[in-house]
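Worksheet: the structure to be examined is printed underneath.
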Amino acid sequence: MFHVSAARAAAGATLLDQLMPGWAGHIDTGELDIQYDQSCVLGQLVGSYNGAPADLKKAPISNGFFSEAQAKGIDGTPVDDEYAELTAAWKPEIEKRRTPVAA
């Protein structure tokens with residue numbers, strides 16, 4: 001199995017913080033599924049993963065936008081499992097950015 005960590009989602013969230021401040025407020029975590037073009041983070045923000053600008057898709061694996069297993073041409077369960085883990089890793093990153101910081 002490929003290594004999926006919260007660090008990948010955190011890296012992608014940090015990139016989005018820089019390029020699209022307030023992005024987390026536009027994500028429906030109930031619909032979030034990193035595996036699918038329109039329900040992934042970039043899909044929800046700009047309409048589709050494939051249609052996202054290049055600066056949002058840079059280093060898609062290390063930023064948690066894309067599956068390492070899929071990039072290596074592996075089919076089936078490893079890809080599905082990795083996307084499920086990535087989806088789960090993104091949710092706390094999104095919620096953390098929605099929670100107001102106490103003064």
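All values below were derived from every heavy atom in this structure, side-chain atoms included, with hydrogens, water molecules and symmetry-related copies excluded. The structure displayed is predicted, hence computed values, not measured ones. This chain uses plain numbering: 1 for the first residue, then up along the sequence.
Here the CD-CH2 distance, from Gln18 to Trp23, works out to 12.0 Å after rounding to the nearest 0.5 Å. From Trp90, atom CH2 reaches atom CD1 of Ile34 across 6.5 Å, with rounding to the nearest 0.5 Å. In this structure, CD1 in Ile61 is found 7.0 Å from CZ in Phe66, a value given to the nearest 0.5 Å. Rounding to the nearest 0.5 Å places OH of Tyr49 at 7.0 Å from CG of Leu42. The structure places OG1 of Thr87 at 4.5 Å from CG of Asp33, a figure rounded to the nearest 0.5 Å. Here Glu82 contributes atom CD and Ile74 contributes atom CD1; the two are 8.5 Å apart, rounded to the nearest 0.5 Å.
Contacts of Glu95 classified as salt bridge (Lys or Arg N to Asp or Glu O under 4.0 Å), with partners at least two apart in sequence or in another chain: Arg98.
Ala69 and Val79 make their closest contact through CB-CG2, 3.7 Å (heavy atoms, listed as atom of the first residue, atom of the second, distance). A pairwise comparison of heavy atoms in Ser5 and Ala89 identifies O-CB, 4.4 Å as the closest pair. The heavy-atom pair separating Gly30 from Asp28 by the smallest distance is N-OD1, 2.9 Å. When all heavy atoms are compared, the tightest approach of Gln44 to Ser39 is NE2-O, 3.0 Å. Pairing each heavy atom of Lys58 with each of Leu15, the nearest pair is CE-CD1, 3.8 Å. Ala10 and Arg97 get closest at one heavy-atom pair: O-NH2, 4.4 Å.
Heavy-atom contacts from other residues, nucleotides or ligands closer than 6.0 Å to CG of Asp55 number more than 12.
For the pair Leu16/Leu45, a side-chain contact is recorded, criterion being any heavy-atom separation below 4.5 Å from C-beta on.
Judged by distance alone, with hydrogens and angles left aside, the side-chain atoms of Asn50 form no donor-acceptor pair with the main-chain N or O of Asp37 at under 3.5 Å.
Phe65 and Tyr36 end up in different hydrophobic clusters when Ile, Leu, Val, Met, Phe, Trp and Tyr side chains are linked at under 4.5 Å.
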